[in-house]
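For ligands, and for the atoms within them, numbers begin at 1 and follow the listed sequence.
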Amino acid sequence: MRHGCQTIIASRNLQKLTEASQKLSAATGQRCLPLSLDVRQPQAIVSAVDEALKEFSRIDILVNNAAGNFLCPASSLSFNAYKTVIDIDTLGTFNVSKVLYDKWLRDHGGVIVNITATLSYRGQALQVHAGTAKAAVDAMTKHLAVEWGPNRIRVNSLAPGPITGTEGFRRLGGRHAESSGLYQTIPLLRMGNKTEIAHSVLYLASPLASYVTGTTLVVDGGSWLTTPNDFPSLLGIASHSSKL
Ligand code: HXC
């Protein structure tokens, strides 16, 4: 929004969305429309996109950011817990991309940025649900980049590392994550911040990336290369954060 976009934000909780949209508008002077939807319900997405197009008359950029996650060993995951994360992350990304393609992008072009994760690169312990869900989204990024490139649609993924001040960090890093010194295992010796992710999405969404499609940009300070993937010690984290 600081770089000129009017924005629509969508999630299940309209109260949180409304507060966020007011903050974003106050900070940037741009319009922000909050829309309530569940990415698992295609009909709700159709209605939301219809409303968005009525309000703004065009949509140039889609950021698929919805994700469910928690730390849990595969042996303790219920069938429904695994399915829930696949439904939100993988099917949700497809559902929203497809609806927006049908209603706008096919005829006008645009940019899709899918927020994914590095979890599958090393088979991160306690993350089989989110790791497989996000790996599927990285595959989807390539397939859609190939099929939709001729329609002037670029599709890329962005895989963040540990980012302070986020819901994901609170849930996945454990209660003491920010003060635990875990950052010392990251090559850049610190956690990332939200502005760094925003700037990286801005790059992929902007004309600066006009010849970039079908790829994943990892924005994690080198974290996935070096951070622990040790089942017993990570279980210590899971025991006090998985039920947040
Ligand atoms: C084990 C759990 C669980 C937990 C839920 N479930 N939480 N299982 N450990 N902590 C199980 C439930 O028991 C249930 O299975 C099934 O999951 C569905 O739960 P519901 O509560 O009915 O579903 P729903 O409300 O739709 O969604 C639940 C949720 C969601 C997916 C857990 O609340 C959620 O994840 N919110 C967090 C969103 C978030 O923080 N996203 C950012 C992720 S960041 P049963 O069998 O009992 O019916 C990220 C980045 C990773 O992913 C990379 C970092 C480096």
Side-chain angles (χ1 to χ4, degrees), residues 9-17 20 36-41 44 63-93 95-96 113-138 157-175 177-178 180 182-183 185-188 190-194 196-198 200-201 216-230 234-244:
I9 53 175
S11 81
R12 287 185 290 178
N13 186 327
L14 190 59
Q15 191 192 331
K16 281 190 190 173
L17 281 173
S36 174
L37 64 83
D38 186 329
V39 295
R40 292 169 286 192
Q41 294 168 0
V63 181
N64 283 308
N65 189 44
N69 201 3
F70 42 78
L71 297 175
C72 188
S75 55
S76 304
L77 272 178
S78 71
F79 294 117
N80 190 41
Y82 184 83
K83 178 179 182 303
T84 297
V85 174
I86 298 285
D87 278 349
I88 297 170
D89 297 25
T90 310
L91 275 65
T93 298
N95 293 342
V96 181
V113 181
N114 294 323
I115 306 301
T116 59
T118 62
L119 300 166
S120 68
Y121 299 0
R122 295 192 305 151
Q124 188 67 32
L126 315 179
Q127 288 281 265
V128 65
H129 42 306
T132 49
K134 295 292 197 179
V137 176
D138 282 340
S157 292
L158 186 148
I163 305 302
T164 53
T166 62
E167 180 73 13
F169 193 84
R170 278 187 289 277
R171 282 175 183 256
L172 305 178
R175 217 173 297 157
E178 308 227 6
S180 66
L182 203 63
Y183 65 87
T185 65
I186 299 172
L188 291 186
R190 64 177 179 85
M191 313 292 184
N193 61 56
K194 289 189 263 191
E196 289 172 315
I197 298 304
S200 304
V201 174
T216 299
L217 178 62
V218 176
V219 185
D220 76 337
S223 171
W224 78 268
L225 295 162
T226 54
T227 50
N229 187 12
D230 154 23
L234 289 171
L235 272 181
I237 295 175
S239 65
H240 62 68
S241 70
S242 68
K243 288 296 177 190
L244 282 178

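Atoms of ligand 1 lying under 4.0 Å from any heavy atom of R12, numbered from 1 in the order shown and given with element: 24 (P), 25 (O), 26 (O). Which parts of ligand 1 touch R40 is read off a 4.0 Å heavy-atom cut-off, strictly below it: atoms 26 (O).
When R170, K134, R171, Q124 are checked for heavy-atom proximity to atom 36 (N) of ligand 1, R171 turns out nearest. Distances from atom 17 (O) of ligand 1 to the heavy atoms of G161, S78, A81, G68 put A81 nearest. Considering each of I163, I88, T84, D220, the one bringing a non-hydrogen atom nearest atom 18 (C) of ligand 1 is T84. Remark: among candidates G168, A117, A67, the nearest residue to atom 39 (C) of ligand 1 is A67, based on non-hydrogen atoms.
Defined by atom type and a distance below 3.5 Å, a donor-acceptor pair is present between the side-chain atoms of N69 and Q127. Donor-acceptor pairing under 3.5 Å is recorded for the side chains of D138 and T116.
Applying the 6.0 Å contact sphere to CD of Q15 captures no more than 12 heavy atoms from other residues, nucleotides or ligands.
Annotation: E167 places no N or O atom under 3.5 Å from an N or O atom of ligand 1; distance criterion only. Between N69 and ligand 1, at least one pair of N/O atoms sits closer than 3.5 Å.
The closest donor-acceptor contact from the side chain of K83 to the backbone of S78 lies at 3.5 Å or more, if one exists at all. Side-chain N or O atoms of N229 include one that pairs as donor or acceptor with a backbone N or O of A125 at under 3.5 Å.
Residue-ligand proximity: L172 is placed with a non-hydrogen atom under 4.0 Å from ligand 1.
Between E196 and R190, at least one side-chain N (NZ, or NE/NH1/NH2) sits under 4.0 Å from a carboxylate O, which counts as a salt bridge.
For residues 115-131, no residue pair satisfies the salt bridge (Lys or Arg N to Asp or Glu O under 4.0 Å) rule, not counting sequence neighbours.
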